[in-house]
Protein chains: 2
Amino acid sequence: MPTIKDVAERAGVSVTTVSRVLNNRGYISEATRKKVYKAMEELDYQPNEVARSLFRKKSNIIGLIVPTVAHPFFGQLTSYLETYAYSRGYKVLICNSQLDASKEQEYIWMLRRNQVDGIIMASHTLDVEEYKKLNLPVVAFDRSISRRIPYVTSDNYQGGRLAAELLLKRGCTKIAHMCGSLELDMLANQRHRAFMDVAEENKIPYFTVETDINVFEVSKYEELLTDLLVQHPDIDGLFLNSDIMAMAAMKVCSKLGKRVPHDMKIIGYDDVSIASLVSPQITTIRQPIAKMSELSVKLIEDLVNENSVSVENCLPVELIERGTT
Amino acid sequence: MPTIKDVAERAGVSVTTVSRVLNNRGYISEATRKKVYKAMEELDYQPNEVARSLFRKKSNIIGLIVPTVAHPFFGQLTSYLETYAYSRGYKVLICNSQLDASKEQEYIWMLRRNQVDGIIMASHTLDVEEYKKLNLPVVAFDRSISRRIPYVTSDNYQGGRLAAELLLKRGCTKIAHMCGSLELDMLANQRHRAFMDVAEENKIPYFTVETDINVFEVSKYEELLTDLLVQHPDIDGLFLNSDIMAMAAMKVCSKLGKRVPHDMKIIGYDDVSIASLVSPQITTIRQPIAKMSELSVKLIEDLVNENSVSVENCLPVELIERGTT
DNA sequence: CCATTTGTGCTAACCGGTTGACATACGCGT
DNA sequence: ACGCGTATGTCAACCGGTTAGCACAAATGG
């Protein structure tokens, strides 16, 4: 790898001059500028960003911690995040925590050691205190950690309401909601709050199925749903916390001989791209993933530049009614 | 951020000693080791990896270029890759090329500037020559670039054969294969070669549907498939180059009133997790994504350590027969 | 008691850039 | 001829580590 010194020698100028060209500072004549560019090209020179990062104390790297990028929601999120980040001059280091607390902690340390400019946390398994200790720009995704750490979310309560209300509107008389562990105080839990509120307001019986803490396994979803529907065959409406869960529900219904939407209405969450690819297409609550991603990157940028940021960043959701209701 | 100097002062030792503790070299007494660790802990010190990278000329970062991590196949691939990489002490910088040649080129430059130790290329839009110029450890995913650049793939020809043979075995009389652009010389094109071979050997009429170069859009798949099936209503077997395409095919069939698998047999590719989540579950050719990921990381590691590597790395595929055939 | 081994410190160089201070030189306008 | 803006160079310090070389002291052991 050629260094700035090689370029300087080849161009017949000093290192300082090359650096000035590289950084556009001070006086440089067109002639030398060209000489330098020519030398750089001939040597196929690219400045060593590690050296620059060291000096500038800024790596232009954002750390992104997700449960797993294999989950469609986080896959899409990651894709958008990376695209926006790159367009703003940031690179993205990905970390799949697998929703494992010790891994998450390790990743956080690793990101610190690597001097990332900020961390976008979309996996939340640690104690709130651990995140607070991080004296580093952090943006939380879908979780309110403290009054100091900004978060990006979408209107979970509204999402829960929209879903529950649609189930009732479509004539359901006994409904259930499957969600992740309600123990972690994630903002997504508001969906359940809203679901219960609507059911109670309308005096409709309802059930709650919580997955184990930290579980992302489809087979587990199927198992829980089968149990539920076998025990309560009169349930006629399901609200699921993700489109993947909704697909699992459709599969279980198909196995149990329940027709969707005739015998069972199903509503998913996220509006991930496959939601509209299955038949019947999944009715779902759309999260504005692209906008949430963009906002997250902007917040990191603002934190880095020490601009003031708003802590609460809640974007609207949208009911997308399709074939399962 | 505390530096090694702060640690040294706090522990009452020299910077050299701290460095020796950090790197486990030279003689260190238990007593000082403890003092140093204590100081590190009290200061919440973590060594600056940027500085280390600069000195060592090794960043322990692998660049990963995929078309988009939002595609389930690449999402799963990325997830596995990251996990293996991390377990071997590497971090992963992700790049979504969107199958755009200029973006891919930019990403490659960016990765070089950032001194990544190697690049795993799973997006291939550039001229072979561009990849050859990179004097950097590169592992290609599913493409043979040159005799010098190792690649990881699975047995595409066998995959194509298994699929085509199963369609025939299930009684199909007129079959079609939908694949990406055959212009790019990707190894995945062998699936089509095999498909044609089987059809010709058995004297069965067949069709080919190529997506545009670089297209990853589901709506485009649906459009192409609808056209095909409307023009040739007697087609009774489809082989698709991904499970996503297979889902699109199922959707189109459902729209056209064709029952799967009764009127139409469908075989996908990859065996991504959603393949077994839709009803009917998709018959597919499983690529060993986990193993391919592991192998890719190992190859990068070997290249970095200048061990000899085998250029051709082809893993077996497996037919997973489910409900669509 | 002397030779090693062990433990620690100091100094300086290095990784590949960036930057400020200062010197020098040329061309130009007045 | 003077002053100024432009153009470039030299030098040294710095970012936060690592490392080799050398010195020195204490502990160990034969």
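Lettering of chains follows the sequences in order, A, B, ..., and the numbering in each one begins at 1.
No salt bridge links B:E41 with B:K38; every basic N to acidic carboxylate O contact stays at or beyond 4.0 Å. Taking a cutoff of 4.0 Å between a charged side-chain nitrogen and a carboxylate oxygen, A:E129 and A:K132 qualify as a salt bridge. Ion pair A:D44/B:K133 not flagged as a salt bridge, since none of the NZ, NE, NH1 or NH2 atoms sits closer than 4.0 Å to an Asp/Glu carboxylate oxygen.
No side-chain heavy atom of A:I61 sits less than 4.5 Å from a side-chain heavy atom of A:L111. Side-chain contact between A:R33 and A:N24 is present, with at least one heavy-atom pair separated by less than 4.5 Å. The side-chain heavy atoms of B:D100 and B:T125, taken from C-beta on, include no pair separated by under 4.5 Å.
Taking atom CD of residue A:E30 and atom C1' of nucleotide D:dT6, one finds them 13 Å apart after rounding to whole Å. Counting to the nearest Å, the C1' atom of C:dT18 and the CD1 atom of A:I28 are 14 Å from each other. The CZ-P distance, from B:R112 to C:dG16, rounds to 14 Å in whole Å. The CD-P distance, from B:Q46 to D:dG17, rounds to 11 Å in whole Å. When the P atom of D:dG17 is taken as reference, atom CG of B:L43 falls 12 Å away, rounded to whole Å.
By the neighbour-count criterion of 12 heavy atoms within 6.0 Å, atom NZ of A:K103 is densely surrounded, having more than that number from other residues, nucleotides or ligands. In the displayed structure, A:K34 atom NZ is contacted under 6.0 Å by at most 12 heavy atoms of other residues, nucleotides or ligands.
Of the residues in residues 53-62 of chain A, those with a non-hydrogen atom less than 4.0 angstrom from any atom of DNA chain D are A:L54, A:F55, A:K57. In the region residues 32-42 of chain B, proximity to DNA chain D at under 4.0 angstrom, judged on heavy atoms, holds for none of the residues. Listed in residue order, the members of residues 1-26 of chain A having a heavy atom less than 4.0 Å from DNA chain D are A:G12, A:V13, A:S14, A:T16, A:T17, A:R20.
Every residue meeting the side-chain contact (heavy atoms from CB on, under 4.5 Å) condition with A:P137, not counting sequence neighbours, appears here in chain and number order: A:L303, A:V304. The side-chain contact (heavy atoms from CB on, under 4.5 Å) test applied to A:R52 returns A:L22, A:N23, A:P47, A:E49, A:R56, not counting sequence neighbours. With sequence neighbours excluded, the residues that form a side-chain contact (heavy atoms from CB on, under 4.5 Å) with B:V311 are B:Y151. In this structure A:Y86 satisfies the ring-ring contact (aromatic ring centres under 6.0 Å, His included) test together with B:Y107, sequence neighbours excluded. Applying the ring-ring contact (aromatic ring centres under 6.0 Å, His included) rule to B:Y80 yields no partners; only residues at least two apart in sequence or on another chain are considered.
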May I have the step-by-step check of salt bridge (Lys or Arg N to Asp or Glu O under 4.0 Å) for B:K91 and B:D117, ending in yes or no? CA-CA 10 Å; B:K91 300 135 254 168; B:D117 292 345; over 6 Å; no
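OP1 and OP2 of C:dG16 both lie 4.0 Å or more from every side-chain N or O belonging to A:R52.
A distance-only check finds no donor-acceptor pair linking the side chain of B:E294 to the backbone of B:Y84 [under 3.5 Å].
The heavy-atom pair separating A:V92 from B:L93 by the smallest distance is O-CD2, 3.1 Å. The shortest non-hydrogen separation linking A:S293 to A:I289 is OG-O, 2.7 Å.
An angle of 40°, rounded to 10°, separates the two end axes of the helix from C:dC1-D:dG30 to C:dT30-D:dA1, each defined over five pairs.
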Could you pull out the protein-nucleic contacts involving nucleotides 2-6 of chain C (nitrogen or oxygen on both sides, under 3.5 Å)?
| from | atom 1 | to | atom 2 | distance (Å) |
| --- | --- | --- | --- | --- |
| C:dT6 | OP2 | B:Y27 | OH | 2.5 |

Would you list the protein and nucleotides 26-28 of chain D atom pairs, both N or O, that sit under 3.5 Å from each other?
none

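Counting only residues at least two apart or in different chains, salt bridge (charged side-chain N to carboxylate O under 4.0 Å, His left out) contacts with residues 301-315 of chain B comprise B:R88-B:E301.
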